[in-house]
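Report on the following structure.
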Amino acid sequence: MAVPVGFIGVGNMGNPMAGNVLKNGFPMTVFDKNPKAMENLVQAGARPATSAREVVESSEIVLTCLPASPDVEALYLEPGGLIELARPGTILIDLSSVLPSTPRKLEPRAQARGVHYLESPVSGGVAGARAATLAIMVGGDPQILERARPVLRAIGPNIFSVGPVGAGNTVKAINNMMACVNSLAMMEGVVLGVKAGLDPMIVYEVVKASSGGSKALERIPSALVPRRFEPGFKVQLMNKDLDTFNTIARELHVPVSFSNVAQRYQQAALAAGLAEMDTSAVVQIIEGLAAVQVSQAGQAAAKSAAAGG
Ligand code: NAD
């Protein structure tokens, strides 16, 4: 019989991941401090819990997907937290993107109680979470990963065992820094293109077939042109991941540059009130600096301004 699984934190990412675990036949108990976030999962057959305690008491494997280190450390480490309440032998897996210092704190505390713990940040966005195509970066004991693999396989096929705890969140921060820098380079390029009178979709088609292409380019048709900025992946979470990258760089005395530039744009977006919007919304900051908008209307305006001037 399939092992009972718990899922705590079913927001933009956790919700579709939990849905896929459920679809794979694992009996599931779910908890989110926002009860609305659980509704679709309960309709799909998950048992709703009213506390994290209820989840950990009824599950052999517990997955968590919370915003950031302080949330994760509180849930796992506080008195009455997951590590204190889990039965020995329980496997706790944190899917959140956090500072590497967080898993390094949690693992020994779990081990002291005979509880297993893996860090397991993911990548692929909400679309990848829905399609169960996420990349999963597991830090921790590979033997425990083997026991948890059928559950993780339900959320993505690319499961990497990357080293001891802390390694998973290190590679995750590297990935997100690169994704963010690619995305900002794309945004500056397309804003310049529109200011120069180009159709943003021409920039998209040409660069896609050329050497400047990256996954970030897909945001031109999916977000920038249609002005679709709902998350997705919130600006405040990308800012947190750049903080993680910069913290690791500082600790290791690696002088990095691009992540600082990228974080300056996230800071500007936070100051502009875009914290809860998708990271694509950062284009609005670049558009403000260039006094142009990446949309068909913006392109038309740029053309007429160029004709007038
Ligand atoms: P989110 O804000 O949409 O969801 C977080 C959920 O956790 C919310 O529903 C919130 O109510 C719940 N929550 C917070 N504290 C809780 C607690 N103590 N007990 C129960 N529920 C609690 O965030 P998200 O986009 O789902 O991101 C979650 C994590 O996944 C973050 O670390 C993020 O960096 C990472 N991530 C996100 C994406 C993405 O595209 N959104 C992609 C990869 C990784």
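Every number for a ligand or one of its atoms is a count from 1 in the order of the listing.
- Scanning the protein heavy atoms around atom 37 (C) of ligand 1, the nearest turns out to be M13 CG, 3.2 Å.
- Note: no N/O pair closer than 3.5 Å links V10 and ligand 1 by distance alone.
- Near K240, the atoms of ligand 1 lying under 4.0 angstrom from a non-hydrogen atom of the residue are 31 (C), 32 (O), 33 (C), 34 (O).
- Counting heavy atoms only, P67 comes closest to atom 31 (C) of ligand 1 of the residues P67, S96, A127.
- The environment of CZ in R227 is crowded: more than 12 heavy-atom neighbours from other residues, nucleotides or ligands sit within 6.0 Å.
- By the 3.5 Å distance cut-off applied to N or O atoms, D71 is not counted among the residues near ligand 1.
- Taking only nitrogen or oxygen atoms, main chain and side chain alike, S123 does not reach within less than 3.5 Å of ligand 1.
- Between the choices G11, A135, C65, the shortest heavy-atom distance to atom 30 (O) of ligand 1 belongs to C65.
- Near V122, the atoms of ligand 1 lying under 4.0 angstrom from a non-hydrogen atom of the residue are 43 (C), 44 (C).
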The test is side chain to side chain contact (heavy atoms under 4.5 Å, CB included); show your working for V294 and E287 and say whether it passes.
CA-CA 7 Å; V294 179; E287 290 171 337; 3.5 Å; yes
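- Considering backbone and side-chain N/O atoms, K172 never comes within less than 3.5 Å of an N/O atom of ligand 1.
- Counting only non-hydrogen atoms, the option in Y76, F31, F233 that gets closest to atom 19 (N) of ligand 1 is F31.
- The shortest heavy-atom contact between P16 and N12 is CD-O, 3.1 Å.
- Looking at K240, its side chain does come within 3.5 Å of a backbone N or O of P67 through a donor-acceptor pair.
- Using a non-hydrogen distance threshold of 4.0 Å, G232 registers as a contact of ligand 1.
- Taking every non-hydrogen atom of K234 and a distance limit under 4.0 Å, the qualifying atoms of ligand 1 come out as 1 (P), 2 (O), 3 (O).
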